[in-house]
Amino acid sequence: MSGRIVETEAYPPGDSSGHAYRGRTARNQSLFLGTGFAYVYFIYGTSYMLNVSAEEPGVGAGVLMRAIEPLEGINRMKRLRKTDKLTDLARGPGRLAAAFEIDQRLDGVDLCADGPLWLGTAVRETASIGTTVRIGITREVGQLRRFFESGNPFVSGPRQREKKSSGLP
DNA sequence: AAGAAGATTCGCT
DNA sequence: GCGAATCTTCTTA
């Protein structure tokens, strides 16, 4: 199975909405391994989330994978997700994890090495990148840290760059 | 030791 | 649109 990452959110060091904010724990230790490791956790009793760690070893930071455009193994993803709708296979962080059979066993995996899950380089030019506030968080709401390919149908939530609001001070 | 909140999804209305 | 499902962690007593 494979796909193109089309939507992400950044959780940089010192971001109070990030899981690494209150220091290293048993659950979030993968965020402190260095750059390019998987951080997988379970939330709401229903969904797994996949992050890619960032920054140097000892620094807690990561990028949440929010949506993927499926490329290979689509039939398998349809079975895993129990839907035939192409755009619903990996649109959303929990769905993405389900489509790729990602769970806590993949926590801590080096995504830049040979293994069960890895990151490759772009297979096709990316269209323009849109930016909005992050989804589903309550802190640091003013930050534009969600990034996605503009207009891509596999993106969850708003698909166009957030408009400059006219009414704010 | 108990409770609330959370980077969500699904099913029903 | 709204609420339930249901696990882990951190906070409060």
Side-chain angles (χ1 to χ4, degrees), chain A residues 1 3-55 58-70 73-109 111 117 119 129-150 152-162:
Chain A
M1 297 186 286
R4 279 176 81 232
I5 298 167
V6 294
E7 181 186 356
T8 63
E9 282 179 3
Y11 289 86
D15 187 326
S16 60
S17 64
H19 284 190
Y21 184 62
R22 286 172 222 286
R24 189 172 189 153
T25 67
R27 180 225 216 170
N28 68 19
Q29 51 114 353
S30 295
L31 288 172
F32 294 80
L33 295 177
T35 298
F37 292 84
Y39 164 49
V40 181
Y41 67 93
F42 196 58
I43 194 168
Y44 295 131
T46 57
S47 310
Y48 288 99
M49 303 284 182
L50 170 65
N51 295 247
V52 178
S53 65
E55 303 297 333
V59 178
V63 177
L64 170 68
M65 304 291 107
R66 283 197 59 90
I68 284 180
E69 175 181 340
I74 287 172
N75 284 338
R76 179 131 168 258
M77 294 185 200
K78 285 180 177 174
R79 280 200 306 277
L80 289 164
R81 289 276 300 109
K82 297 179 171 46
T83 178
D84 278 344
K85 195 174 177 190
L86 199 56
T87 51
D88 278 351
L89 289 181
R91 192 190 57 192
R95 293 167 168 178
L96 175 162
F100 282 81
E101 277 185 302
I102 290 166
D103 60 24
Q104 69 269 50
R105 294 181 318 234
L106 293 178
D107 187 42
V109 164
L111 299 175
L117 185 66
L119 294 168
I129 307 268
T131 313
T132 70
V133 297
R134 290 171 293 188
I135 296 175
I137 50 116
T138 56
R139 281 184 269 244
E140 308 271 353
V141 173
Q143 308 291 339
L144 294 178
R145 284 172 179 166
R146 171 174 172 259
F147 306 97
F148 56 93
E149 184 173 35
S150 293
N152 187 300
F154 298 93
V155 167
S156 73
R159 287 170 214 173
Q160 302 299 331
R161 176 177 296 270
E162 190 173 69

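Naming: A, B, ... by sequence-line order, numbering from 1 per chain. Just so it is clear, the model here is predicted, and its values are computed rather than measured.
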Nearest-angstrom distance from the residue atom [atom1] of [X] to [atom2] of [N]:
X	N	atom1	atom2	result
A/Ile43	C/dA4	CD1	P	18 Å
A/Tyr41	C/dC7	OH	P	17 Å
A/Tyr44	C/dT9	OH	P	16 Å
A/Arg139	C/dC10	CZ	C1'	11 Å
A/Gln104	C/dT9	CD	P	11 Å

Q. Taking atom C1' in both C/dG1 and B/dA7, what distance in whole Å separates the two?
A. 22 Å
Q.
Once you measure the plane-to-plane angle for A/Phe42 and A/Tyr48, does it fall in the parallel (<30°), tilted (30-60°) or perpendicular (>60°) bin?
A. tilted
Q) If we only count heavy atoms from C-beta on, is the A/Thr132 to A/Phe148 side-chain gap below 4.5 Å? A) yes
Q. A/Arg95 or A/Ser17: which one's nearest nucleotide on DNA chain B is closer to the 5' end?
A. A/Ser17
**Q.** Outermost nucleotides of DNA chain B that come under 4.0 Å of a non-hydrogen atom of chain A
**A.** B/dG6 to B/dC10
Q. Are A/Arg27 and A/Tyr41 in a cation-pi setup, meaning NZ or CZ lies under 6.0 angstrom from the ring centre and within 45 degrees of the ring axis?
A. yes
Q | Sugar-phosphate only, base, or nothing, as touched by A/Arg134 at under 4.0 Å among non-hydrogen atoms | A | nothing
(Q) What's A/Arg145 touching, base or sugar-phosphate or nothing? Going by heavy atoms closer than 4.0 Å. (A) nothing
Got a donor-acceptor contact below 3.5 angstrom from the [X] side chain to the [Y] backbone?
X	Y	answer
A/Ser30	A/Asp107	no
A/Arg134	A/Ala10	yes
A/Thr35	A/Glu55	yes
A/Asn51	A/Gly62	no

Q) Whom does C/dT9 pair with, Watson-Crick or G-U wobble, provided both distances fall under 3.5 Å? A) B/dA4
Q) Taking the nucleotide of DNA chain C with the closest heavy atom to each, which residue, A/Arg22 or A/Thr46, is nearer the 5' end? A) A/Thr46
